[in-house]
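Note that the numbering runs from 1 along the sequence shown for the chain.
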Amino acid sequence: MSILFPQYVAFAGFVLIATNLVFFAFHQVHSRSVLVRANPVRFFAAALLFLLAVILVITSQHDFSSIHLFLVIAILIFAASVAFSVSLFSSMLQHYETQNRFTSLLALLTGLIEARDPNLDGHSLCVCQLSLLLHEKLPLMTKFKVNSADLAYTALLLDVGKLGIPQDIAEKPGKFSKAELELVRRHPEIGEELIANVPGFKKIAEWIKYHHERVDGKGHFGLVGSQIPLASRIIAVADTFTALTMERSYKPSMPYEEAIAELRLVAGKQLDSELVNIFCAIPLREIKHVQQRVKEQLKKYERIR
């Protein structure tokens, strides 16, 4: 047996470990979740195999003249790296499965609430799907700045603050009085207050708070351009388009071409111009697919209307 074979095995193990550590660090930054909690037994098994390899190295007094001893150490290192990899990816799959379950449940509850009001009728569901579609079209490095699951949570909880507004005002078909308008404009702040104390939702609460900010600085909080969180700016585009194209009791729906023209008109003033350009470049068939998917989802809730 060549003396190089054990070296190759050990080297492959170290490369695998290094790759997993880089992946793990990236996932931690991007998703802010702790994967190691899911499969501690496999992590302990990997640690034990590494420990055995270290013990063999120490007891051999660095005498690797025996190719068999060298091979045993190399195999232990490689086996430990495989155990670590299996544990990491198993944990990752479990994490995303839990995340998807939570998103689906939140979408269900939001849909049930909005299905009762014909003026909402899937508004948040549509905003959520369009926000994710816009996020998908962003340049790679920009996309990494916003976690897609957190973006979905924010969009679904976007108007939760309206629960703090009297129903007769929230559903008023005509113009609001000055006092009523001020109360309605406070719904992002109310939403933030409701969500901020949910564990892990502090950032989401902040995104909700600023989703009606204007990029020209003339919004309620006076934030300008990139001072507004990227997720809030993404959702603002999807929210505006959805509000324009949805039919309400007090206004008809706006055709796609007119809605796109309206978005371009307020780009750089109300909405982020770069995000508007990306959204307007999305093929119409993809937009219609999202709208159709939301309609089909709402059909499930017809019995509660």
Taking everything shown except Glu189 itself, do over 12 heavy atoms lie less than 6.0 Å from its CD? yes
Assigning hydrophobic clusters by single linkage (Ile, Leu, Val, Met, Phe, Trp, Tyr; side-chain heavy-atom cutoff under 4.5 Å), is [X] placed with [Y]?
X: Val215; Y: Val237; value: no
X: Val198; Y: Tyr153; value: yes
X: Leu271; Y: Leu230; value: yes
X: Ile282; Y: Val266; value: yes
X: Ile228; Y: Leu157; value: no

Side chain to side chain contact (heavy atoms under 4.5 Å, CB included) evaluation trace for His123 with Val127: CA-CA 6 Å; His123 176 84; Val127 172; 3.6 Å; yes
Can you measure from [atom1] ([X]) to [atom2] ([Y]) and round to the nearest 0.5 angstrom?
X: Leu125; Y: Lys295; atom1: CG; atom2: NZ; result: 13.5 Å
X: Thr240; Y: Ile235; atom1: OG1; atom2: CD1; result: 11.5 Å
X: Ser124; Y: Gln129; atom1: OG; atom2: CD; result: 12.0 Å
X: Cys128; Y: Leu133; atom1: SG; atom2: CG; result: 11.5 Å
X: Ile204; Y: Leu156; atom1: CD1; atom2: CG; result: 10.0 Å
X: Glu262; Y: Leu244; atom1: CD; atom2: CG; result: 6.0 Å

Would you call the rings of Tyr210 and Phe221 parallel, tilted or perpendicular if under 30° counts as parallel and over 60° as perpendicular? perpendicular
How far apart are the C-alpha atoms of Lys209 and Glu206, what are their side-chain angles, what is the distance that settles it, and do they pass the salt bridge (charged side-chain N to carboxylate O under 4.0 Å, His left out) test? CA-CA 5 Å; Lys209 179 179 180 180; Glu206 180 186 353; over 6 Å; no
Taking all non-hydrogen atoms of both residues into account, name the closest pair between [X] and [Y] and its distance.
X: Ala259; Y: Thr245; value: CB-CG2, 3.6 Å
X: Val290; Y: Cys126; value: CG1-O, 4.4 Å
X: Ile234; Y: Ser131; value: CG2-O, 3.8 Å
X: Val146; Y: Leu151; value: CG1-CB, 4.0 Å

Backbone N/O of [Y] and side chain of [X]: donor-acceptor pair under 3.5 Å:
X: Thr142; Y: Leu138; value: no
X: Lys202; Y: Asn197; value: no
X: His212; Y: Pro188; value: no
X: Ser232; Y: Trp207; value: yes
X: Glu258; Y: Pro255; value: no

CA sep, side-chain torsions, deciding dist, call: Lys288, Arg285, side chain to side chain contact (heavy atoms under 4.5 Å, CB included): CA-CA 5 Å; Lys288 286 187 174 181; Arg285 67 178 182 278; 5.7 Å; no
Any salt bridge (charged side-chain N to carboxylate O under 4.0 Å, His left out) pairs touching residues 212-241, not counting sequence neighbours? Arg214-Asp216, Arg233-Asp272
Residue list, side-chain contact (heavy atoms from CB on, under 4.5 Å) with Ile260, at least two apart or on another chain: Phe241, Tyr256, Leu263, Arg264, Phe279, Cys280
Any donor-acceptor pair under 3.5 Å linking the side-chain atoms of Arg293 with those of His289? yes
Once salt bridge (charged side-chain N to carboxylate O under 4.0 Å, His left out) is applied, do any residues pair with Lys137, and if so which ones, sequence neighbours excluded? Glu286
